[in-house]
Amino acid sequence: MDIHQFFLGNIFHAYTFFGAHVQENGGVTFRTLAPNAEKVSLICEVNDWEEIPMEKTHDGGIYTCTVRDAIPGMMYKYRIYSKHYVDVEFIDHCDPYGFGMQLRPGTASIIRDENSYHFQDSEWMERRGGHLERPINIYEVHFGSWKTNPNDPNGWYRYEELAPMLIAHAKKNGYNYIECMPLSEHPADCSWGYQNTGFYSPTARYGDMDGFKKFVDLCHRNGIGVIMDFVPVHFAVDGYALARYDGTSLYEYPDDNSDNYSEWGSCNFVHSRGEVCSFLQSCANYWLTEFHFDGIRMDAVSRLIYWGGDQNRGENLESLTFLKRMNQGLHQLHPDAMLIAEDSTNFEGVTRPVEYGGLGFDYKWDMGWMNDTLNYFRCNPFFRGTAYHQLTFSMMYYYNERYLLPFSHDETVHGKATIVQKMFGDYEQKFPQARALYLYMYTHPGKKLNFMGNELGQLREWTEEQEQDWNILEYPIHDAFYHFMRDLHQLYLQEAALSQWDYRREGFCWIDCHQEERCIYAYERRAGQERLLVVLHFSDLQEQQYTVTVPNCVALKPLLHTDWMCYHGTVEESTELLLAEPTEKGGQLTLPLAPYSGMLFRIHT
């Protein structure tokens, strides 16, 4: 590794130099960065935790040693002596670049052989590109609470045990990607993985490095992509990890800086330091390279754009520079991988290439669409006429970025209620609205993300301490909703018009977006010669008749009705062709509209 470029922040493979590396001729070489330490020792299981002095081998405070008898599976720490520590001579730290760690409350790193697992997913890796014109339906999962293991004291399955269950569920329910909530090592279950101590260590809650690689490998061999949640903004404050690593603020802002701590009480990374940038972008590259992830979703990007995420404080130019350099480098190394921004700002150019002045992401979460949509469906139908254009507004800005539509874990916690619970009205009223909502979501341009449990019509807010309410499917209305979601997802995967032209203006056009009093919307989705019509009715009015004129249309073929009886609705299922009456402006049809319903048709010309 070029040490000079590392300190300039230009390195993407620092993990191949730092950390613990098994040598071909035996033994393990350890390296760590501690520029302000007085000395550094390795303590390890190999000699009953007796200190092994490390030599300062490079400028900038890089310490190295090789231990001949060390082997994978052994625990180790770095004992860092610093005059900057308060009231202690030294602190034992886990390895910032360690490939494994003890399960909490343990704090030691664990030697892992990064080359011991051999992937068998070459066919997937060769054909995974072109995602902009393909359907992307992401199932967001928290591994510890998707399903719990009755044979484990913590209720956890191992990575390789979760794989066949999650794969089967995803395939059955029409998801083609799984997004893992953060799986880097973290001390607190309640942080959900967003406050890390071991950025390069797959959490020991579910196994080890090889088990996690096998999880990804099995997903790929079954046609399922995997996306990793990555946190390049902040880290856990625990004193055994990155915080004041060498007695000084090596990874974070100085103590007297108000930006040292995030709103979550964690330490903010200082992106003006090249070694921190190299650490983070190497970590992102590590997950893409070594684990074959198909994409990275970056958390809290607004905190990288603006100081503290506050637009009034102005842009953070150093972290913006880091973000651009990282995304550009990752695209050069992995041109077919996805980089996804969780960003709630209106900052321009998030998905524009860096060379054209943008931040270089492939997709941006459309938080505006999410908030407007859910607020609309919370609204009493009597007032939806005045709120009508909350649902048309998204298409006024949609083509400014490449958007992904998310109903994530954030929308099912902290008193916000689950997606179904957000719907206006009583228990029976919520489900037809939720079905119509999801038809709107899956026919709106943009890739999709849905959090686990949403497909069940779950009513209880999510907690990391409890598995999903699978037994809720014993109730007919939930079982019907589950089958509706499955059928909708399969249609989304099958119909090219719902995804191929997501980011081309020709892929969407309004047929009717001025039915404010009746809460009716009609639009068309296209790709090549394929054309689909969507008609949505979000009022509670009974027995409405709606006449729609569709250009160049001779007939409509029903593909899905959210109020079919098989989905616990009131309309008898029929897929018979509906002939249109020719007019100067196109084929005209009059359609009966059930309350809180939506219909999807194939347009015949």
Side-chain angles (χ1 to χ4, degrees), residues 130-138 174-177 179 227 295 297 338-344 346 348-352 358 361-374 376-377 388-408 436-450 485 488-514 520-536 538 550-551 559-560 562 598-603:
H131 48 79
L132 288 174
E133 296 186 343
R134 293 181 180 178
I136 294 179
N137 194 20
I138 302 168
Y175 293 103
N176 58 352
Y177 284 85
E179 181 173 313
I227 298 166
R297 177 264 194 188
M338 292 182 279
L339 301 180
I340 304 169
E342 187 260 326
D343 172 35
S344 56
N346 59 0
E348 293 184 3
V350 172
T351 58
R352 191 185 306 147
F361 286 98
D362 294 292
Y363 302 105
K364 172 181 174 173
W365 279 20
D366 194 343
M367 312 292 273
W369 171 88
M370 178 272 296
N371 282 309
D372 287 344
T373 299
L374 294 179
Y376 180 88
F377 278 90
Y388 181 88
H389 289 289
Q390 281 186 294
L391 297 192
T392 63
F393 179 63
S394 60
M395 292 311 300
M396 296 180 69
Y397 65 79
Y398 174 79
Y399 296 104
N400 294 342
E401 303 280 1
R402 289 193 295 271
Y403 283 109
L404 183 154
L405 310 185
F407 284 158
S408 74
L437 160 67
Y438 273 108
L439 179 62
Y440 167 60
M441 175 185 184
Y442 277 84
T443 57
H444 188 290
K447 310 310 180 186
K448 324 297 180 190
L449 178 142
N450 207 25
M485 293 292 287
L488 175 62
H489 292 166
Q490 295 295 348
L491 273 173
Y492 171 71
L493 295 182
Q494 294 164 11
E495 297 295 333
L498 294 179
S499 60
Q500 191 172 334
W501 285 5
D502 268 342
Y503 306 107
R504 295 174 56 172
R505 291 183 182 273
E506 310 97 298
F508 174 93
C509 71
W510 286 109
I511 298 294
D512 190 351
C513 59
H514 289 288
I520 297 169
Y521 305 79
Y523 51 87
E524 184 179 330
R525 293 299 310 276
R526 300 176 182 175
Q529 300 303 309
E530 297 295 320
R531 299 172 63 200
L532 300 177
L533 174 69
V534 183
V535 177
L536 303 169
F538 295 142
V550 184
L559 299 179
L560 186 74
T562 65
M599 294 174 282
L600 177 65
F601 301 95
R602 189 184 314 283
I603 299 171

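- Between Asn137 and Tyr442, the closest side-chain pair of non-hydrogen atoms falls below 4.5 Å.
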Could you go through Met338 and Ile227, starting from their C-alpha distance and side-chain angles, then the distance that decides it, and tell me whether this counts as side-chain contact (heavy atoms from CB on, under 4.5 Å)? CA-CA 8 Å; Met338 292 182 279; Ile227 298 166; 3.9 Å; yes
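- Taking every heavy atom of both residues into account, Cys509 and Arg526 meet most closely at SG-NH2, 3.8 Å.
- Under the rule for a side-chain contact (heavy atoms from CB on, under 4.5 Å), the partners of Gln500 that lie at least two apart in sequence or sit in another chain are Glu133, Ala496, Ala527.
- The line from OG of Ser499 to CZ of Arg134 is 10.5 Å long, rounded to the nearest 0.5 Å.
- Contact of the Leu532 side chain with the Arg602 side chain is registered, since non-hydrogen atoms from C-beta on lie closer than 4.5 Å.
- Two residues are said to be in side-chain contact when any heavy atoms from C-beta on lie closer than 4.5 Å; His444 and Ser394 meet this criterion.
- Contact of the Pro445 side chain with the Tyr398 side chain is registered, since non-hydrogen atoms from C-beta on lie closer than 4.5 Å.
- Listed by chain and number, the residues in a side chain to side chain donor-acceptor pair (under 3.5 Å) with Arg297 are Asp229, Asp299 (sequence neighbours excluded).
- The distance from atom CG of Leu449 to atom CD1 of Ile340, rounded to the nearest 0.5 Å, is 8.0 Å.
- Among Tyr363, Trp365, Phe361, Tyr403, the one residue that satisfies the side-chain contact (heavy atoms from CB on, under 4.5 Å) test with Val350 is Phe361.
- Judged by distance alone, the side chain of Asp362 and the main-chain N or O of Leu339 form a donor-acceptor pair under 3.5 Å.
- Partners of Phe508 according to the ring-ring contact (aromatic ring centres under 6.0 Å, His included) rule, which considers only residues two or more places apart in sequence or in another chain, are Trp510, Tyr523.
- Counting heavy atoms from C-beta outward, Leu560 and Leu439 have side chains that approach closer than 4.5 Å.
- A 4.5 Å side-chain heavy-atom check between Lys447 and Tyr503 finds at least one atom pair inside the cut-off.
- Using a 4.5 Å heavy-atom cutoff, the side chains of Pro406 and Asn450 are not in contact.
- Applying the salt bridge (Lys or Arg N to Asp or Glu O under 4.0 Å) criterion to Arg402, with sequence neighbours excluded, gives no partner residue.
- Here the CD-CG distance, from Gln390 to Leu374, works out to 10.5 Å after rounding to the nearest 0.5 Å.
- Using a 4.5 Å cut-off on side-chain heavy atoms (C-beta onward), Ile138 and Leu404 make contact.
- Legend: residues meeting side chain to side chain donor-acceptor pair (under 3.5 Å) with Tyr492, ordered by chain and number and at least two apart, are absent.
- Under the rule for a ring-ring contact (aromatic ring centres under 6.0 Å, His included), the partners of Tyr438 that lie at least two apart in sequence or sit in another chain are Phe407.
- With rounding to the nearest 0.5 Å, the separation of CE in Met396 from NE2 in His389 is 9.5 Å.
- Shown here for Pro551 and Ile511, the closest heavy-atom pair between the two residues is CD-CD1, 4.0 Å.
- Scored by the side chain to side chain donor-acceptor pair (under 3.5 Å) test, Tyr397 finds Asp366 as partners (sequence neighbours excluded).
- Inspection of the His514 and Tyr388 side chains reveals no N or O donor paired with an N or O acceptor under 3.5 Å.
- Put simply, the side chain of Asn176 gets close to the backbone of Pro135: a donor and an acceptor are under 3.5 Å apart.
- Shown here are the side chain to side chain donor-acceptor pair (under 3.5 Å) partners of Glu179, two or more places apart in sequence or in another chain: there are none.
- Here the shortest heavy-atom pairing between Cys513 and Thr392 reads CB-CG2, 4.0 Å.
- Rounding to the nearest 0.5 Å gives a distance of 5.0 Å between CG of Leu559 and CG of Leu600.
- Here the closest non-hydrogen pair linking Gly446 and Asp502 is N-OD1, 3.2 Å.
- For Lys448, the salt bridge (Lys or Arg N to Asp or Glu O under 4.0 Å) test picks out no residue, with sequence neighbours left out.
- Shown here are the side-chain contact (heavy atoms from CB on, under 4.5 Å) partners of Glu506, two or more places apart in sequence or in another chain: Trp501, Arg504.
- The CG atom of Asn400 lies 9.0 Å from the OG1 atom of Thr351; values are rounded to the nearest 0.5 Å.
- Looking at residues two or more places apart in sequence or on another chain, you find a side-chain contact (heavy atoms from CB on, under 4.5 Å) between Arg505 and Tyr399.
- Within the 6.0 Å centre-distance limit, the rings of Phe538 and Tyr521 are counted as a close aromatic pair.
- Here Gln494 pairs with Gln490, Leu491 under the side-chain contact (heavy atoms from CB on, under 4.5 Å) rule; sequence neighbours left out.
- With respect to Glu530 and Arg525, no salt bridge is recorded, no charged nitrogen being found less than 4.0 Å from a carboxylate O.
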